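What follows is one structure encoded as structure tokens, with my remarks underneath.
Remember, predicted model here, so these are calculated numbers, not experimental data. Read the numbers this way: they start at 1 and go in the same order the structure lists the ligands and their atoms.
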Amino acid sequence: MVAETPLRTSDLIAPLFVREAIAKPNPIGSLPGVVQHTQDSLRAEVAELIDLGVPAVILFGIPEHKDAQGSEAWNPDGVVQVALRRLRAEFGDDIVLIADLCVDEYTDHGHCGIVTPTGEVDNDATLELYMQAAVAQAEAGADIVAPSGMMDGQVFAIREALDEEEFFDTIILAYAAKYASALYGPFREAVDVTIADGGDRKGYQQDPANAREAMEEIRADLAEGADMIMVKPALAYLDIISRARMETDVPVAAYQVSGEYAMIKAADANGWLDGDAVALETLTSIKRAGSDLILTYFAKDVAGWLAEEAR
Ligand code: PBG
């Protein structure tokens with residue numbers, strides 16, 4: 001009766017993986033219960049999520065062919081564009097379709113942009129790729145594009161590209177405060193990404209030691225035209241979520257990332273803690289810190305539990 005922070009199904013966004021050229025769903029070892037979907041199993045999963053009342057999904061693609069630029073990210077027949085078109089045709093407005101906008105799943109070197117001969121990511125050249133990907137995703141039916149590459153100026157570039165093609169209503173959810181986190185480990189398995197030459201993303205993602213810098217990133221993205229912002233990961237960055245909520249007036253999303261999910265699942269599998277209870281507790285805490293929306297691999301489970309509870 002006096003609970004201040006009710007976790008609701010309408011707070012949840014389900015991250016889903018869709019892979020090209022596989023005949024059946026492919027389990028992801030380090031994310032128990034999560035799979036790489038075929039186009040058909042993706043459609044079935046989205047139907048279930050809609051039934052449970054989950055309002056949105058965010059799609060990640062695993063292409064058959066990767067190249068230096070990640071060109072499948074803007075191919076109109078690329079795996080995510082096909083998925084968006086099919087889901088939109090099948091479900092209309094019953095689900096909000098979000099497209100993760102980056103090239104790391106599509107590049108053969110695993111970086112979020114164009115790599116120069118000296119191994120640096122070329123920020124400004126990469127913006128061109130993001131602009132093409134944004135338009136391809138909007139054309140395919142994305143309601144929201146979510147740039148996750150942390151290139152400077154990406155939100156402005158994407159907004160311009162979308163407006164140029166008259167996608168005025170396509171929303172930008174900016175991964176604004178995205179940390180260079182070891183908690184993305186299982187995600188790399190999920191999307192078959194190995195960063196070339198033992199590289200990392202510290203050149204473009206944020207230092208976990210910095211909080212003020214996160215607010216600077218958030219302000220920059222809002223000034224460039226972001227409609228919503230995201231903090232990622234979630235549990236280790238509750239202070240950032242809280243500051244973002246206090247210092248901005250747009251919807252704040254938080255991403256409970258692959259490693260957060262995997263830690264709970266692993267400890268549960270060992271009988272070391274009650275994974276379902278920890279999932280609910282941590283998600284409630286992420287909401288209490290100030291997030292309006294939570295991206296979580298527990299979305300379907302939680303929606304099921306909440307529906308059960310309501311009965
Ligand atoms: C980049 C992207 C990543 C995640 C979401 N978008 C990986 C990265 O930045 O290295 C991680 C999500 C997760 O760990 O669950 N396209």
At what distance is the nearest protein heavy atom to atom 9 (O) of ligand 1, and which residue and atom is it? K178 NZ, 2.6 Å
Qualifying ring pair (Phe, Tyr, Trp, His ring centres under 6.0 Å) pairs, either residue in residues 239-261, two or more places apart: Y261-Y297, Y261-F298
Identity and distance of the protein heavy atom lying nearest atom 8 (C) of ligand 1: R201 NE, 3.4 Å
Verdict with supporting geometry, E217 and K178, salt bridge (Lys or Arg N to Asp or Glu O under 4.0 Å): CA-CA 9 Å; E217 289 281 349; K178 176 169 177 180; over 6 Å; no
In the protein, which heavy atom is nearest to atom 10 (O) of ligand 1, and how far is it? R188 NH2, 2.5 Å
Considering only the protein, which heavy-atom contact is closest to atom 14 (O) of ligand 1, and what is its distance? S258 OG, 2.7 Å
Just to confirm my output: which protein heavy-atom neighbour is closest to atom 4 (C) of ligand 1, and how far is it? K232 NZ, 2.6 Å
Which bit of D104 gets closer than 4.0 Å to ligand 1, counting heavy atoms only: side chain, backbone, both or neither? side chain
Determine, using heavy atoms of Q205 and all atoms of ligand 1, whether some pair is separated by less than 4.0 Å. yes
Closest non-hydrogen protein atom to atom 12 (C) of ligand 1, residue and atom name please, with distance? F187 CD1, 3.3 Å
So, does Y261 sit close enough to ligand 1 that a heavy atom of it is under 4.0 Å from the ligand? no
Is L162 reachable from L101 through a run of hydrophobic residues whose side-chain heavy atoms are each under 4.5 Å from the next? yes
Show the atoms of ligand 1 that are less than 4.0 angstrom away from any heavy atom in C102. 16 (N)
Between D100 and ligand 1, which residue portion shows a heavy-atom distance shorter than 4.0 Å: side chain, backbone, both, or neither? side chain
Check each atom of ligand 1 against the heavy atoms of F60 and keep those under 4.0 Å away; list them by number with element. 5 (C), 6 (N)
Among L127, V135, D163, V145, whose side chain to side chain contact (heavy atoms under 4.5 Å, CB included) with I158 holds? V145
Taking the side chain as every heavy atom from C-beta outward, state whether D11 and D292 have any atom pair closer than 4.5 Å. no
